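From a predicted model like this one, the values you see are computed outputs, not experimental measurements. Chain A is the first sequence line, chain B the second, and so forth, proteins listed ahead of strands; every chain is numbered from 1.
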Amino acid sequence: MERYNAKVVEPKWQKAWEDAQTFMAERDAREKYYVLEMFPYPSGRIHMGHVRNYTMGDVVARYKSARGFNVLHPMGWDAFGMPAENAAMEKKVHPGDWTYQNIADMRDQLKPMGLSIDWSREFATCDPEYYGQQQSMFIDMMEAGLVYRKNAVVNWDPVDMTVLANEQVIDGKGWRSGAPVERKELTQWFFRISDYSEELLTAIDDLKGWPEKVRLMQQNWIGRSQGLRFAFEMTGAPDGFGGLEVYTTRPDTLFGASFAAISCDHPLAKALEDNPEIAAFNAECRKTGTSEEDLEKAEKKGFDTGIVVTHPFHPDWQLPVYIANFILMGYGTGAIFGCPAHDQRDLDFARKYGLTVTPVVCPEDADADSFTIGDEAYVGPGRMINSRFLDGKTIEDAKTEVTKRIAEMKAGSAETQYRLRDWGVSRQRYWGCPIPVVHCPSCGVVPEKKENLPVVLPKDVSFDTPGNPLDRHPTWRNVACPKCGADALRETDTMDTFVDSSWYFARFTAPRAETPTVMEEAEYWMNVDQYIGGIEHAILHLLYSRFFARAMQKTGHLPEKAIEPFNALFTQGMVTHETYSTKGKDGRPVWRTPDEVRLEDGTARLIETGEAVDIGPVIKMSKSKKNVVDPEDIIDQYGADTARWFVMSDSPPERDVEWTASGAEAAWKHLQRVWRLTAEAVEKGDLAGDALEAEALLKATHKCIDEVTNGIEGFAFNKSVAALYQFTNTIAKSDAPNSDIKDALQTLAVLMQPMTPHLAEEVWAAMDGAGLVANAEWPTADPKLLVDDEIVLPIQINGKRRDEIRVAADASKDDIEALALKNLVVQKALDGGNPKKVIVVPGRIINVVV
RNA sequence: GCGGGCGUGAUGGAAUGGUAGACAUACCGGACUUAAAAUCCGGAGGCCUUAGCGCCGUGCGGGUUCAAGUCCCGCCGCCCGCACCA
């Protein structure tokens with residue numbers, strides 16, 4: 001008997017699918033189903049994370065297709081971004097050439113996986129046909145008032161004279177130059193996503209197909225808070241500054257205030273920079289990175305400006321105004337009052353600068369007179385104390401009272417704030433979608449005429465010097481103003497790559513159209529029924545896409561039904577691997593790839609030299625730790641089905657999966673076994689067998705159908721795989737007539753098709769299945785075959801399992817109880833007495849309480 | 001720092017509040033073989049001078065319940081995101 005040879009079989013069926021155009025999607029009368037995996041960045045090689053992601057999507061796509069849906073399952077490339085420019089600098093290649101070569105390489109690696117993708121819809125975001133449509137929408141969004149310009153801060157490398165991404169700032173220094181990074185203000189383009197804060201927040205409730213954790217993360221990110229905005233009277237500030245406006249979510253703690261603090265970027269802080277000490281302090285604050293993490297982790301520092309503000313409810317009570325490094329200019333008013341007793345950051349600050357700490361909220365179970373604050377701020381519920389007219393009130397009542405009085409004094413009012421900031425899309429880089437506007441000396445900022453789109457990136461650029469090549473391009477910048485025709489300059493900023501990925505799912509519905517979308521196509525194919533990708537995109541990408549769907553609807557590019565573009569979302573886990581290292585000369589570990597290492601009895605050695613290798617923790621596959629297994633090697637060695645089967649087995653899809661050589665081997669063995677059973681069944685012809693076994697096999701078949709179906713529907717592919725293992729074992733051991741074995745194998749082929757499509761075709765063909773198994777209908781489990789006549793019920797005594805009894809499946813509660821009480825173990829436990837209680841859960845358990 | 005998640009045998013994991021460890025890996029034993037590989041069959045959570053109708057067991061400590069891996073409260077550890085990485 002011949003072994004199953006994936007190298008021959010897999011290309012054969014891939015060609016058969018291609019010839020039959022099996023996965024081409026066109027509108028028809030059937031109900032549609034749109035499956036989408038987050039499209040890849042063309043880094044140059046497919047990695048195991050891709051294999052897992054696209055296999056999951058493929059399982060869903062093939063399954064839904066078998067269930068009779070008209071499936072759309074496309075693929076494209078998120079092709080703009082920094083790595084191409086880095087490659088350009090390091091390898092002297094053009095970012096476009098580098099990117100398109102990578103796409104070609106990755107497509108070649110992806111196709112042998114046998115994914116049921118409609119490749120006719122493929123595009124890359126760096127295709128002018130794509131980004132030109134994006135520019136067109138940008139102009140529409142400008143006209144709809146969704147785009148504006150304002151100053152914003154960037155990381156500036158003073159040596160390389162270039163803007164740095166947060167990622168390129170390491171310990172406050174530029175990653176190439178090593179120079180301390182400065183903050184610099186530039187005029188930049190923004191989308192008004194914050195106009196949609198409330199809507200993006202409330203609509204989360206309707207995202208029923210999304211994981212609860214992602215919905216929570218989005219809610220917290222948008223971060224609605226109810227608070228009070230009010231102005232302190234201020235003394236000692238420079239001319240032009242009236243009061244100090246602050247925003248607080250805890251107006252109830254106003255009598256616990258001991259200072260006010262402003263951000264170093266606050267206008268008042270800037271106005272005080274005539275004082276060299278303040279200028280120096282602000283400069284020091286600005287050395288911290290621009291990320292929220294850097295700001296909040298930095299040690300609390302403040303500078304007492306000498307300015308004071310007056311407590312709104314007491315004219316003699318004055319609070320010092322500090323400039324502090326933990327106040328964010330981007331949230332609220334960039335100024336706060338500090339109540340150290342009930343906010344940890346304020347408490348740390350107060351302890352450091354010797355400010356008073358007065359508790360104003362007392363927990364219900366504490367004594368108001370002796371309640372004090374130690375190293376931890378009290379943020380729980382309680383009653384107001386030390387707060388004059390608020391004393392005895394609850395926090396909620398106190399908030400209402402303070403807000404009311406402040407409003408009566410006309411000093412401020414209640415305000416809802418959101419943490420969500422507008423989306424800055426300007427990037428001072430070449431390899432991105434050019435922002436299609438022109439700066440005219442007389443007309444100002446003018447959108448490019450639509451007939452002049454796409455504004456194509458010039459090809460003749462150099463990356464010898466840092467900075468944006470578009471800025472120094474000799475001719476590309478110089479254009480006539482679209483409005484008046486005078487000499488003008490093109491905008492040289494390009495768009496954030498998140499813009500590219502915020503609407504690609506819509507473009508897949510009409511990828512070659514000369515408008516961004518085509519309404520009737522979008523009407524049919526939208527929404528994405530199942531979106532699959534990494535949890536790392538839980539906030540930004542998904543939120544931006546939700547905003548874009550709204551913006552596209554407003555500008556007439558998407559139908560109303562697509563306001564929430566993703567009906568269901570699944571976030572898959574990572575692919576991990578052990579790490580291997582040997583000791584380098586300087587004592588630091590030298591990372592080794594799994595290829596270089598031989599594993600024996602839990603120890604590892606270098607294949608080449610026999611040197612001992614340390615086995616490190618199991619972490620996400622990464623180039624830097626070299627713990628990567630190249631999918632191409634696995635497909636080469638075992639075939640795509642083995643790789644697909646492995647990444648679907650064992651670990652639940654939402655959790656990390658550890659790639660192990662033995663696991664891959666085991667997957668391969670299983671697929672061989674399925675083929676061996678098939679070949680045996682073919683040889684046996686119409687060999688007779690046991691009729692009772694035939695019935696048992698039929699029951700096993702339907703149990704498997706049920707479990708595989710539930711597994712796929714519930715995104716628990718590992719359980720589907722387990723059911724298929726079990727079913728295969730049953731077939732192997734069955735003495736049923738060979739015709740029944742063949743029926744079982746045919747069903748097995750259909751059930752395995754989503755995961756191992758090539759083997760499934762081969763088995764299907766050997767069992768004389770009609771046409772391609774890729775077009776076969778999904779079987780339905782017969783409920784009558786899923787139940788057994790007799791079941792085994794465990795008997796517990798006082799909640800501990802002691803014995804089991806066999807009862808008819810349809811036995812009544814009373815019958816079961818009577819039977820259980822006759823049980824010897826129960827009799828002994830009762831010791832002649834009566835049970836206190838007997839709990840019978842039919843089909844589940846009996847618990848006798850004695 | 002803030003937000004989110006995860007934690008079950010040697011390992012990956014299974015378990016509508018109802019027999020903890022399905023299925024698989026690694027391991028051990030057996031069959032076949034001159035031998036090995038492959039294949040097939042079987043074993044197996046831990047503990048024990050008591051091998052049982054025994055005791056313990058789902059990161060740790062409490063609680064609710066006839067019954068807790070599952071629900072509640074408090075910890076510990078690890079992972080992800082934090083707005084210019086994609």
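In this structure, K669(A) atom NZ and rA24(B) atom C1' are separated by 12 Å, rounded to whole Å. Distance, E536(A) CD to rC80(B) P: 10 Å, rounded to whole Å. Between the CE atom of M495(A) and the P atom of rA83(B) there is a distance of 22 Å, given to the nearest Å. Rounding to whole angstrom units, CD1 of residue I791(A) and C1' of rG18(B) are separated by 13 Å. Here the C1' atom of nucleotide rC23(B) and the CD atom of Q726(A) are 6 Å apart, to the nearest Å. Following rounding to the nearest Å, K800(A) (NZ) and rU65(B) (C1') show an atom-to-atom distance of 16 Å. Between M217(A) atom CE and rC80(B) atom P the separation is 12 Å, expressed in whole Å. In this entry the distance linking CG of D500(A) with P of rC84(B) reads 14 Å, nearest Å.
Within the nucleic acid shown, N729(A) comes within 4.0 Å of sugar-phosphate atoms alone, with no base atom in reach, counting heavy atoms only. At the heavy-atom level, W221(A) lies under 4.0 Å from base atoms of the strands shown. R419(A) comes within 4.0 angstrom of a nucleotide base, judged by non-hydrogen atoms across all strands. Among the heavy atoms of the strands, none lies under 4.0 Å from V848(A). Within the nucleic acid shown, V849(A) comes within 4.0 Å of sugar-phosphate atoms alone, with no base atom in reach, counting heavy atoms only. Across all strands shown, P40(A) has no heavy atoms under 4.0 Å from either base or sugar-phosphate atoms. Q168(A) comes within 4.0 angstrom of nothing in the nucleic acid, heavy atoms only. Among the heavy atoms of the strands lying under 4.0 Å from H537(A) is at least one base atom, whether or not backbone atoms are also near. Nucleic acid contact for V169(A): none, since no nucleic acid atom lies under 4.0 Å from a heavy atom of the residue. Within 4.0 Å of F326(A), counting heavy atoms only, lies no atom of the nucleic acid at all. A538(A) comes within 4.0 angstrom of nothing in the nucleic acid, heavy atoms only. G223(A) comes within contact range of no nucleotide atom at all, as no heavy-atom separation falls under 4.0 Å. When heavy atoms are screened at a 4.0 angstrom cut-off, E292(A) is found touching base atoms of the nucleic acid. Here K213(A) lies in heavy-atom contact (under 4.0 Å) with sugar-phosphate atoms only.
The base of rG12(B) sits within donor-acceptor range of the side chain of D650(A), with an N or O pair under 3.5 Å.
For rC53(B), the OP1/OP2 oxygens have no side-chain nitrogen or oxygen of R802(A) closer than 4.0 Å. When the side-chain nitrogen and oxygen atoms of R655(A) are compared with OP1 and OP2 of rA14(B), one or more of them lie within a distance under 4.0 Å. Not one side-chain nitrogen or oxygen of N718(A) sits closer than 4.0 Å to the OP1 or OP2 atom of rG13(B). Remark: N166(A) is in phosphate contact with rA83(B), judged by side-chain N or O atoms under 4.0 Å from OP1 or OP2. For rA24(B), neither phosphate oxygen OP1 nor OP2 lies less than 4.0 angstrom from any side-chain nitrogen or oxygen of S649(A).
Remark: R176(A) engages E90(A) in a salt bridge, criterion side-chain N to carboxylate O under 4.0 Å. Salt-bridge annotation for E292(A) and R419(A): present, with a side-chain N of the basic residue lying under 4.0 Å from a carboxylate O of the acidic one. Salt bridge present: D265(A) and R286(A) bring a charged side-chain N and a carboxylate O closer than 4.0 Å.
In rG43(B) the base sits anti relative to the sugar, since the glycosidic angle is further than 90° from 0.
Residue whose closest nucleotide on RNA chain B sits further toward the 5' end, between G663(A) and I839(A): G663(A). When each of D656(A) and A723(A) is assigned the nucleotide of RNA chain B with its nearest heavy atom, D656(A) is the one assigned upstream, toward the 5' end.
Figure legend. rA22(B) is base-paired to no nucleotide; pairs are counted as Watson-Crick or G-U wobble with both atom distances under 3.5 Å. Pairing partner, rA44(B): none, since no Watson-Crick or wobble contact has both distances short of 3.5 Å. Base pairing annotation: rG3(B) forms a Watson-Crick or G-U wobble pair with rC80(B), both donor-acceptor distances under 3.5 Å. rU64(B) is unpaired under the Watson-Crick or G-U wobble criterion, no partner having all donor-acceptor distances under 3.5 Å.
For the residue pair D650(A) / N718(A), no side-chain donor-acceptor distance below 3.5 Å is found, with atom types taken as modelled. Counted by atom type alone, R546(A) and Q218(A) present one or more donor-acceptor pairs between their side chains at under 3.5 Å.
Ring geometry, F547(A) versus W423(A): the interplanar angle exceeds 60°, so the pair is classed perpendicular (tilted spans 30 to 60°).
Using C1' as the reference atom, rU64(B) and rG17(B) are 12 Å apart when rounded to the nearest Å. With P as the reference atom, rA10(B) and rU58(B) are 13 Å apart, rounded to whole Å.
For F717(A) and F715(A), the ring centers are positioned less than 6.0 Å apart. Between Y131(A) and F80(A), the ring center distance clears the sub-6.0 Å criterion.
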